[in-house]
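First the proteins, then the strands, lettered A, B, ... as listed; each starts at 1. These figures come from a predicted structure and were not determined experimentally.
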Number of protein chains: 2
Amino acid sequence: METTNDQQEHRYDAYLAQCPCRSLLDVIANKWTALIVGALLTGEHRFGELRRQIEGVSQKVLTANLRALERNGFVTRRVYPTSPPSVGYALTDLGRSLAPPLVAVREWTERHLDDVEAARARYDTDPTRSGPAGVDRAAEPAAAR
Amino acid sequence: METTNDQQEHRYDAYLAQCPCRSLLDVIANKWTALIVGALLTGEHRFGELRRQIEGVSQKVLTANLRALERNGFVTRRVYPTSPPSVGYALTDLGRSLAPPLVAVREWTERHLDDVEAARARYDTDPTRSGPAGVDRAAEPAAAR
DNA sequence: CTGTATCCTCTGAGATACTG
DNA sequence: CAGTATCTCAGAGGATACAG
């Protein structure tokens, strides 16, 4: 099925509603995906290690996301028949190729948080605006969600 | 320059549950954010243009995401007092700095969709697995809505 | 044309409890 | 330890109608 086409990168277009890469983008452009893939960059990790490293993630969410990453071919899941059963997760080649963009997004967040918070303060202080701003995933801290 | 041993880019850490950049990551690691910011890379666009370019986005979702982007300082919103009122959205400097990582993620998706679909087929065909795989945002197409 | 306001549905995600 | 199974809730997101 492989077409030896040089223009391979433009066979799909995420701006088209019916393009299957639209749903894939939804999987990848995800907070947990970015954190998990970034964590696995240092090598294979066990479930508990990931759970501890990615603070605040519930085991259910971590399991579900790891399963999805496994299904999409980003991570491998190895079960070791040790006395207390242990499971190791590691990036595949595909997952490793996905990591740099995701890490870049995460690092951008860490680096520009101050700028964003300043912008938010400016926006929220502006008297011409009153009501909340629609999709405000981070409007008010209001405790850890 | 800085004599502090703290590296500025590591003042925040998305792996800490209470770090405010965690919620910011949730805003940025988002399908619509990636598409909108990517679309605005070519310059200022009107609301309708974005709505048309980003196929399948409802006006409510587009409005909400643009508002959030505006609040976080990524885009500007200019209202032109034309006969039929028109509004132009454009990236700020901050938004422009965010664009490359997001575009990289989107392009990765378009480029590696074949690999991912092959992995999914492999996973779903594997007889040792039966049930669905947790967070399967793209398990079955089930018709494009 | 560019929104705003409802209604409604779906699901991501937390909390908790239980199993191999 | 590494899950799976429920229950529950908040919020993203679609459809529709209406307004400046």
Side-chain angles (χ1 to χ4, degrees), chain A residues 17 22-23 25-36 44-52 54-70 75 77-89 129-140 142-145, chain B residues 17 22-23 25-27 29-33 35-36 44-52 54-70 75 77-89 129-140 142-145:
Chain A
R22 174 70 68 89
S23 57
L25 181 60
D26 209 14
V27 176
I28 292 173
N30 169 281
K31 176 177 56 176
W32 300 121
T33 297
L35 291 174
I36 294 171
E44 180 172 300
H45 286 277
R46 296 185 35 194
F47 185 85
E49 290 174 344
L50 291 173
R51 187 151 151 57
R52 252 169 283 122
I54 305 171
E55 290 190 4
V57 67
S58 69
Q59 115 283 56
K60 172 191 165 181
V61 170
L62 182 55
T63 298
N65 278 275
L66 282 170
R67 281 277 189 286
L69 291 176
E70 185 193 2
V75 308
R77 177 177 183 274
R78 298 190 56 192
V79 181
Y80 299 99
T82 54
S83 24
S86 63
V87 181
Y89 292 92
R129 282 182 276 264
S130 39
V135 177
D136 262 324
R137 300 179 185 77
E140 308 298 316
R145 217 176 169 225
Chain B
R22 175 71 68 89
S23 58
L25 181 60
D26 209 14
V27 175
N30 169 282
K31 176 178 57 177
W32 300 121
T33 297
L35 292 173
I36 294 171
E44 180 171 300
H45 287 278
R46 295 185 38 193
F47 184 86
E49 290 175 343
L50 290 173
R51 186 151 152 59
R52 249 170 284 122
I54 304 170
E55 290 190 4
V57 68
S58 70
Q59 115 283 58
K60 172 191 166 181
V61 170
L62 182 55
T63 298
N65 278 274
L66 282 170
R67 280 279 188 284
L69 257 33
E70 186 193 0
V75 309
R77 178 178 183 272
R78 298 190 55 192
V79 181
Y80 298 99
T82 54
S83 25
S86 64
V87 180
Y89 292 93
R129 281 181 278 263
S130 38
V135 177
D136 261 326
R137 300 177 187 78
E140 308 299 315
R145 256 227 114 178

Round to the nearest Å and state the distance from B/Arg67 atom CZ to D/dG13 atom P.
17 Å
Distance test, side-chain N/O of B/Trp32 to OP1/OP2 of D/dG13, below 4.0 Å:
yes
A/Arg77: side chain to side chain donor-acceptor pair (under 3.5 Å) partners, not counting sequence neighbours
A/Tyr89
Could you list the residues that satisfy side chain to side chain donor-acceptor pair (under 3.5 Å) with B/Ser86, not counting sequence neighbours?
B/Thr82
Scanning both residues in full, the closest heavy-atom pair of A/Leu66 with A/Val75 reads O-CG2, 3.9 Å
For atom CD of A/Gln59 and atom P of C/dG12, their distance in whole Å
16 Å
How long is the gap from OG1 on A/Thr33 to CG on A/Leu69, to the nearest 0.5 Å?
5.0 Å
Report the end-to-end axis angle of the helix from C/dC1-D/dG20 to C/dG20-D/dC1; each axis comes from five terminal pairs, and the value is rounded to 10°.
50°
Note: contacts of residues 77-85 of chain B with DNA chain D (heavy atom, under 4.0 Å) are B/Pro85
How close or far is atom P of D/dA15 from atom NZ of B/Lys60, stated in whole angstroms?
11 Å
Are A/Tyr89 and D/dC1 close enough that a side-chain N or O sits under 4.0 Å from OP1 or OP2?
no
Return the CZ to CG distance between B/Arg67 and B/Leu62, rounded to the nearest 0.5 Å.
10.5 Å
Find the distance A/Leu62:CG to C/dA15:C1' and express it as a whole number of Å.
16 Å
Nearest-Å distance, CG (B/Asp26) to P (D/dG11)?
12 Å
Excluding sequence neighbours, so at least two apart, what forms side chain to side chain donor-acceptor pair (under 3.5 Å) with A/Glu55?
none
Take the protein atom CG of A/Asn65 and the nucleotide atom C1' of C/dG14, then report the distance between them rounded to whole Å.
13 Å
In chain order, what residues pass the side chain to side chain donor-acceptor pair (under 3.5 Å) check against A/Glu49, with sequence neighbours excluded?
A/His45
Which pair of non-hydrogen atoms, one from B/Tyr80 and one from B/Glu44, has the smallest distance, and what is that distance?
OH-OE2, 2.5 Å
Let me know the distance between CZ of B/Arg51 and P of C/dC1, rounded to the nearest Å.
10 Å
Proximal nucleotide (of C/dG3, D/dG14, C/dG14) relative to the A/Val61 side chain:
C/dG14
Contact summary for A/Asp26 and A/Asn30, nearest pair of heavy atoms:
O-CB, 4.2 Å
Would you say A/Arg46 places a side-chain N or O within less than 4.0 Å of OP1 or OP2 belonging to D/dC1?
no
Separation of D/dA2 atom C1' from A/Leu66 atom CG, nearest Å, is 11 Å
